[in-house]
Amino acid sequence: MNNAWKIVIGVVIGFVAVFGFPFYYNLGKANVAPKLKYDTPAILEYEKEHGKKECVEPKEFMAKEHMQLLNTWRDEVVRYGQRIYVNSRGESFHISLQNTCLNCHSNKKEFCDKCHNYLAVNPYCFSCHIVPKEKQS
Amino acid sequence: MKILIPFFAVIALVVIALVGAQASHALFGIWIPYAAVLIFVFGFIFKVLKWGRSPVPFRIPTTAGQMKSFAPWIKQNKLDNPSSSLGVLGRMLLEVLAFRSLFRNTKTQLYPGTKLTYGSEKFLWLGGLAFHWSFLIIFVRHFRFFMQDVPYPIQIVEHLDSFLQIGAPLLYITDVVLLGAVTFLFLRRVMMPQIKYISLPADYFPLLLIFGIGATGVLMRYFAKVPVVSVKELVMGLLTFSPVIPQGISSLFYAHLFLVSTLLAYFPLSKLMHMGGVFLSPTRNMANNNREVRHINPWNYPVHVHTYEEYEDDFREKMKKAGLPVEKE
């Protein structure tokens, strides 16, 4: 007497249902990384003036570190009343999510949400800040 | 030596990945992970089916609680000494989810003189529970990299894990608990002389390997950040069987992936198989119903017995002559 059939059931549940889940969940879904849009009116205007599109810091830095930068900004403003940020190029910016960041990136759905939804990140920015009205070019 | 060999083995694995990934992204990003998963799945199934072919032993009642009695006034402990399948299910759930056996650990101590005392010893239970649960939650949380549209339950797990809202990429509680618990389990083996005496390289290696996995993961999330969008693209490529190597992923990620691949490939060959083995613990997964259900020895072969009827057939005439009574004339 042995219980091989119980073990087979256990293996099927363990491997097919749990470990196999990501495989068949993704069946038929294309592997598309999100593409961000940098074509809001404010960005286009900036490009016309300066000849290039650029953020407060280089793009690679912003992609990896924007959350830390925003966190630092929040602490500087809320705790120390420091409203001026000097970037690596020596330019000064007014620290404000709604008036600086979202002035250019006024397309939350096509910008913030793209990557955040892709990676299921739920930042709590907008539990205090107002979600901006979408402005499309 | 028993500690240094696995220690340098893990260091070597990290170095191999850091250097090797520079040489070939495809090897460390595609082929080694695929090979590791294949070894894991087929090795695991092979091992478990091999166990499944072995005979089930006579039920072993353990005396953790009162067994079912014929006397109605003696109350049965239905969880610790179950006599039904439902009770066994309960005992197994407690064992697998709450490590009830470890909870019963005791320690023996000699007090000054010759006074032998027994006390409860909960730290292995606590450390093991913290380690396994945080590992499970981290595993579940990683499914946000494994699925195109992340299902809501996984988002809830991720949300609860980071609800302290510390720092900018939010601090995960399980990251802290896992590294802490692994460190504790390692120090326990190193600092307690009795445990150190019975520990082998195969005991230290998984702990150090998992510490390496956790450390590289923590580094990637909080300190030397990697572009997560590209990382997910790579992982999704693997899962949809159309592998891609996106640009700009640092070697740190490949080190993490290589250590995880090592863990997967090492899994079926090692003590880590207790993941499957816990379900086959004979003292936990069998009901104590020896007096109700007959156990037939699985390796019984047919034994020829000479019955009384056959005996009488052999000697009937002689028995009659001797005046002995016979059952059949």
Side-chain angles (χ1 to χ4, degrees), chain A residues 1-16 18-36 58-75 111-125 127-128, chain B residues 37 40-41 44-45 48-49 51-56 141-152 154-155 158-159 162 165 167-170 222 224-244 246 248 275-276 279-280 285-286 295-299:
Chain A
M1 186 185 81
N2 61 35
N3 286 338
W5 63 274
K6 284 185 188 165
I7 291 174
V8 170
I9 292 175
V11 167
V12 168
I13 291 175
F15 277 101
V16 180
V18 180
F19 289 104
F21 187 48
F23 286 98
Y24 56 75
Y25 185 86
N26 291 321
L27 271 185
K29 286 182 191 167
N31 175 20
V32 210
K35 288 263 181 298
L36 301 185
K59 196 177 165 188
E60 292 71 35
F61 177 88
M62 292 309 291
K64 284 183 197 171
E65 306 285 346
H66 66 276
M67 66 299 271
Q68 218 144 1
L69 184 74
L70 290 173
N71 212 36
T72 317
W73 279 18
R74 182 198 59 188
D75 291 352
F111 187 73
C112 309
D113 292 352
K114 268 283 161 84
C115 292
H116 290 162
N117 288 347
Y118 182 63
L119 292 157
V121 181
N122 298 302
Y124 53 87
C125 309
S127 49
C128 296
Chain B
V37 169
F40 174 72
V41 172
F44 199 104
I45 291 176
V48 169
L49 290 185
W51 293 341
R53 278 197 296 274
S54 47
V56 175
R141 226 176 53 200
H142 271 72
F143 275 56
R144 79 189 175 99
F145 296 114
F146 302 162
M147 294 169 160
Q148 191 69 41
D149 312 299
V150 183
Y152 195 55
I154 288 168
Q155 296 194 35
E158 201 259 347
H159 196 70
S162 60
Q165 297 194 339
L170 296 178
Y222 306 101
K225 297 195 186 71
V226 291
V228 265
V229 172
S230 307
V231 167
K232 182 163 182 177
E233 216 182 335
L234 186 145
V235 177
M236 293 296 297
L238 290 175
L239 290 169
T240 50
F241 300 107
S242 46
V244 281
M275 178 176 150
F279 294 98
L280 306 179
N285 69 3
M286 285 188 283
H295 180 79
I296 303 206
N297 187 2
W299 57 87

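The chains referred to below are lettered A, B, ... by the order of the sequence lines, with proteins before strands, and numbering in each begins at 1.
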Please report the closest heavy-atom contact between B:K225 and A:E65, naming both atoms and the distance.
NZ-OE1, 2.7 Å
Examine whether an atom of B:M286 lies under 4.5 Å from a heavy atom of chain A, and if so say whether it belongs to the side chain, the backbone or both; otherwise answer neither.
neither
B:L170 versus chain A, heavy atoms under 4.5 Å apart: side chain, backbone, both or neither?
side chain
So what's closer than 4.5 Å to chain B heavy atoms on A:A63: side chain, backbone, both or neither?
neither
Options B:V229, B:T240, B:L238, B:V150, ranked by heavy-atom pairs under 4.5 Å with chain A, top entry
B:V229
Is the backbone N or O of A:A33 less than 3.5 Å from a side-chain atom of B:K232, with the two atoms forming a donor-acceptor pair by type?
no
Highest number of heavy-atom pairs under 4.5 Å with chain A among B:I45, B:D149, B:L280 belongs to B:D149
Applying a strict 4.5 Å limit to non-hydrogen atoms, the region of B:P151 in contact with chain A is both
Which atoms of B:E158 are under 4.5 Å from chain A, going by heavy atoms: the side chain, the backbone, both sets, or neither?
side chain
Closest heavy-atom pair, B:E233 versus A:N31, reported as atoms and distance to 0.1 Å, is O-ND2, 3.0 Å
Decide if the gap between the ring center of B:F143 and the ring center of A:Y25 is smaller than 6.0 angstrom.
no
Looking only at heavy atoms, what is the nearest atom pair of A:C115 and A:P34, with distance?
SG-CG, 4.0 Å
Per-residue contact mode, A:N71 against chain B (heavy atom under 4.5 angstrom)
side chain
What part of B:F279 is in contact with chain A, defined as an atom under 4.5 angstrom from a non-hydrogen atom: side chain, backbone, both or neither?
neither
Closest contact, heavy atoms only, B:Q148 versus A:Y118:
NE2-CE1, 3.5 Å
Can you tell which part of B:V244 gets under 4.5 Å to a heavy atom of chain A, answering side chain, backbone, both or neither?
side chain
Under a 4.5 Å cutoff for heavy-atom pairs, which residue among B:L49, B:V226, B:V228, B:V231 has the most contacts with chain A?
B:V228
Which pair of non-hydrogen atoms, one from B:G52 and one from A:I7, has the smallest distance, and what is that distance?
CA-CD1, 3.3 Å
Contact summary for B:P246 and B:S230, nearest pair of heavy atoms
CG-O, 3.3 Å
Chain B heavy atoms under 4.5 Å from A:N26: which part of the residue, side chain, backbone, both or neither?
both
Checking B:F146 against chain A: side chain, backbone, both or neither under 4.5 Å from a heavy atom?
both
Parallel, tilted or perpendicular: which describes the rings of A:F19 and B:F40, with under 30° parallel and over 60° perpendicular?
perpendicular
